[in-house]
Chemist: 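Questions regarding the structure given below will be posed in turn.
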2 protein chains.
Amino acid sequence: MTEKRQYKQRLYTLFAAVSQALANPHRLELIDLLAQAPRTVEDLAREADMSLANTSQHLQRLKQARLVETQRDGTFIIYRLANPTVSDLWLALRSVAGQQLAEVEQALDAYRTRRHEFKQITVQELQERLQTGEVILIDVRPATEYRNGHLPGALSMPLSEIQQMMAALPDDRMVVAYCRGPYCVMADQALEILAENGRKVARLEEGVVEWQQAGYPVSYH
Amino acid sequence: MTEKRQYKQRLYTLFAAVSQALANPHRLELIDLLAQAPRTVEDLAREADMSLANTSQHLQRLKQARLVETQRDGTFIIYRLANPTVSDLWLALRSVAGQQLAEVEQALDAYRTRRHEFKQITVQELQERLQTGEVILIDVRPATEYRNGHLPGALSMPLSEIQQMMAALPDDRMVVAYCRGPYCVMADQALEILAENGRKVARLEEGVVEWQQAGYPVSYH
DNA sequence: TAAATATTCAATAGATTAGTTGAATTATAT
DNA sequence: ATATAATTCAACTAATCTATTGAATATTTA
């Protein structure tokens with residue numbers, strides 16, 4: 001019977017190893033980025049503000065834990081999440097932390113300083129108003145992420161190019177912006193610019209991953 | 001802008017702290033037990049085969065991470081999961097590990113040695129056959145866990161008492177047993193005893209937590 | 001074939017952190 | 001007051017973890 005205990009312990013140790021792989025802020029940021037789209041090491045290092053070698057090391061740990069996998073493309077190596085359930089795990093982790101730790105709300109307020117300034121729109125509301133043509137929906141993430149999947153009906157309008165592209169938007173409709181999800185500041189920044197230019201704006205807190213997990217379909221073109 | 005980076009880092013650090021709290025086999029076993037029912041420290045220590053002091057220490061860490069909470073009952077302190085989403089997180093973690101790590105299957109085969117000997121029954125199949133009265137469903141977990149919630153129509157028949165209680169079962173129907181889920185060996189042990197006594201048996205891999213997460217209702221009486 | 005590029009590897013420093021145990025302590029109930 | 005349940009403390013051991021560097025590898029391009 002003491003063997004049984006060992007085997008049970010081995011199982012829990014395996015589960016703990018996965019949790020261990022996620023138990024680092026840098027690695028979580030990498031997972032978060034990869035949940036939006038597959039990327040090269042360089043790209044990840046730049047987005048996460050880490051050295052290349054360090055990024056590579058952390059990616060190795062994630063790979064060992066089978067949370068990410070690689071695929072070569074020319075001289076680049078492209079990392080991707082190994083499985084959609086990894087996204088689910090990341091969302092579950094975020095959700096528990098968000099619900100249980102008041103510090104998350106505080107940190108979020110410090111990060112997204114204008115979070116409470118903009119009107120929020122729910123998924124249901126958005127869908128109704130998109131149908132009737134009352135609102136226009138923009139995806140302000142980098143174009144690569146848009147190409148990897150976006151909300152149906154969304155226009156790609158990366159934050160970096162919004163000043164130029166803004167003019168192309170019809171000015172009789174409210175603009176709803178979304179980005180990588182509730183812990184992403186890009187949509188707020190886009191709305192700030194749009195609002196300064198006299199647009200009626202609102203933010204959708206959900207990103208593509210949250211949208212998808214809720215069971216809604218995603219567009220690719 | 002470098003402040004922004006700090007705040008983002010702080011957020012990921014908070015998420016990582018939750019993962020860190022789960023990144024230990026003993027603590028995962030405690031979470032697993034608490035997912036079945038609230039318990040005292042003593043009870044947890046006994047079930048998990050750990051010293052009392054050690055159990056207490058690990059529980060403190062889980063409490064700090066807000067994954068569990070306490071409630072006093074006389075001289076006892078009762079621990080429970082702080083939130084149903086903690087169960088979801090635990091299931092998501094288990095699911096990722098199960099899908100990505102071949103070692104989990106191997107360890108499971110070593111732990112549940114007779115796992116492949118018994119017929120498995122799916123949730124759908126079970127529901128159909130319960131309706132028609134073709135099968136009888138037993139919950140072989142300790143009675144406390146049964147009382148905390150069980151599958152509708154299940155009889156409480158703890159593994160420890162199955163020898164005595166077995167006789168009460170009608171002998172014209174197949175007996176389906178379940179316990180704490182796919183990583184629990186109790187149902188297998190019950191089926192072994194029942195099969196030796198000439199019963200037709202089958203195992204339901206799902207436990208109450210998996211059942212509940214799938215959206216099915218749970219009974220309490 | 002050689003050069004250029006992207007990524008990984010190996011080795012290291014340095015700090016921090018984690019897990020366990022037994023004894024002492026606190027809190028509650030009788 | 002005494003017994004019971006749980007927590008905390010002190011102490012020890014061990015281990016892990018991150019970030020950094022420069023060298024090495026693998027693939028493509030010239």
Side-chain angles (χ1 to χ4, degrees), chain A residues 5-6 9-10 12-31 33-34 38-80 144, chain B residues 5-6 9-10 12-31 33-34 38-80 144:
Chain A
R5 206 190 309 166
Q6 277 187 348
Q9 215 51 34
R10 197 179 297 174
Y12 285 116
T13 302
L14 289 167
F15 300 141
V18 173
S19 198
Q20 186 72 257
L22 291 178
N24 173 278
H26 288 311
R27 289 198 289 274
L28 283 182
E29 184 164 10
L30 295 175
I31 291 283
L33 288 166
L34 290 172
R39 289 162 204 276
T40 64
V41 180
E42 243 194 339
D43 192 17
L44 286 165
R46 182 167 11 84
E47 285 273 5
D49 251 312
M50 298 165 60
S51 81
L52 208 68
N54 198 18
T55 305
S56 178
Q57 300 280 39
H58 282 299
L59 285 170
Q60 293 308 309
R61 283 217 51 189
L62 290 173
K63 194 177 174 185
Q64 266 191 325
R66 306 286 161 74
L67 295 172
V68 304
E69 56 187 33
T70 57
Q71 169 200 348
R72 195 172 257 285
D73 176 22
T75 61
F76 294 94
I77 289 184
I78 296 176
Y79 277 83
R80 63 178 69 249
T144 333
Chain B
R5 206 191 309 166
Q6 277 186 348
Q9 214 52 33
R10 196 179 299 174
Y12 285 116
T13 303
L14 288 168
F15 299 141
V18 173
S19 198
Q20 186 71 257
L22 291 178
N24 173 280
H26 288 312
R27 289 197 291 273
L28 284 181
E29 184 164 9
L30 295 175
I31 291 284
L33 288 166
L34 291 172
R39 289 162 204 276
T40 65
V41 181
E42 245 195 339
D43 191 18
L44 286 165
R46 183 168 9 85
E47 285 273 3
D49 251 311
M50 298 164 60
S51 81
L52 206 69
N54 199 18
T55 305
S56 179
Q57 298 280 37
H58 282 299
L59 285 170
Q60 293 309 310
R61 283 217 53 188
L62 290 173
K63 194 177 173 184
Q64 267 192 324
R66 307 285 162 74
L67 293 173
V68 305
E69 56 187 32
T70 57
Q71 170 198 349
R72 196 172 256 285
D73 176 21
T75 62
F76 292 94
I77 290 182
I78 297 175
Y79 278 83
R80 63 179 70 246
T144 331

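Convention: sequence-line order gives letters A, B, ...; per-chain numbering from 1. Since the structure is predicted, the reported quantities are computational estimates derived from the model, not experimental observations.
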Chemist: Tell me the bend of the helix from C:dT1-D:dA30 to C:dT30-D:dA1 as the angle between end helix axes, each from five pairs, rounded to the nearest 10 degrees.
Modeler: 30°

Chemist: Hey, does the side chain of A:Arg61 come within less than 4.0 Å of D:dT18's phosphate (OP1/OP2), counting only N and O?
Modeler: yes

Chemist: What range of DNA chain C does chain B touch, first nucleotide to last, counting atoms under 4.0 Å from its heavy atoms?
Modeler: C:dA18 to C:dA29

Chemist: Side chain to side chain donor-acceptor pair (under 3.5 Å) with A:Thr40: which residues, sequence neighbours excluded?
Modeler: none

Chemist: Of all the heavy-atom pairs spanning A:Ala21 and A:Leu62, show the shortest one and how long it is.
Modeler: O-CD2, 3.8 Å

Chemist: Is there any protein nitrogen or oxygen under 3.5 Å from a nitrogen or oxygen in nucleotides 2-6 of chain D, and what are the pairs?
Modeler:
unit_1: D:dA5; atom_1: O3'; unit_2: B:Thr75; atom_2: O; d: 3.4
unit_1: D:dA6; atom_1: OP1; unit_2: B:Ile77; atom_2: N; d: 3.3
unit_1: D:dA6; atom_1: OP2; unit_2: B:Glu42; atom_2: N; d: 3.4

Chemist: Quick one: are B:Glu42 and B:Leu52 in side-chain contact, heavy atoms under 4.5 Å?
Modeler: yes

Chemist: Do you know the tightest heavy-atom contact between A:Leu33 and A:Glu47?
Modeler: CD1-CB, 3.7 Å

Chemist: Which value, rounded to the nearest 0.5 Å, describes the distance between B:Arg27 atom CZ and B:Gln57 atom CD?
Modeler: 10.5 Å

Chemist: Locate the shortest heavy-atom distance separating A:Leu28 from B:Tyr12; write the atom from each residue and the value.
Modeler: CD1-O, 3.8 Å

Chemist: Please report the interatomic distance CG(A:Leu67) to CZ(A:Arg80), rounded to the nearest 0.5 Å.
Modeler: 15.0 Å

Chemist: Determine the sole option in A:Arg39, A:His58, A:Met50 for which the side chain to side chain contact (heavy atoms under 4.5 Å, CB included) test with A:Leu44 is passed.
Modeler: A:Arg39

Chemist: Nearest whole angstrom, please: distance from the P of D:dA26 to the CG of A:Asp73.
Modeler: 19 Å

Chemist: Indicate the atoms forming the closest heavy-atom contact of B:Ala45 with B:Ser51, along with that distance.
Modeler: CB-O, 4.3 Å

Chemist: Between A:Arg46 (side chain only) and A:Ala48 (backbone N and O only), is there a donor and an acceptor less than 3.5 Å apart?
Modeler: no

Chemist: Please give me every residue in residues 18-26 of chain A whose heavy atoms get under 4.0 Å of an atom in DNA chain D, ordered by residue number.
Modeler: A:Gln20, A:Asn24, A:His26

Chemist: Measure the spacing between CG of B:Leu22 and CZ of B:Arg61 and express it to the nearest 0.5 Å.
Modeler: 10.0 Å

Chemist: In the structure I gave you, are the side-chain heavy atoms of A:Gln9 and B:Glu29 within less than 4.5 Å of one another anywhere?
Modeler: yes

Chemist: Taking all atoms of both residues into account, what is the closest heavy-atom pair of B:Leu59 and B:Val68, and its distance?
Modeler: O-CG2, 4.1 Å

Chemist: Nearest-Å distance, CG (A:Leu28) to C1' (D:dC17)?
Modeler: 15 Å

Chemist: Using 0.5 Å steps for rounding, measure from the OG1 atom of B:Thr144 to the CG atom of B:Asp43.
Modeler: 6.5 Å

Chemist: Just the atom pairs and distances: protein N or O near nucleotides 9-11 of chain D's N or O, under 3.5 Å.
Modeler:
unit_1: D:dC9; atom_1: N4; unit_2: B:Gln57; atom_2: NE2; d: 3.2

Chemist: Mind listing the closest non-hydrogen atom pair of A:Tyr79 and A:Thr70 along with its distance?
Modeler: CE2-CG2, 3.2 Å

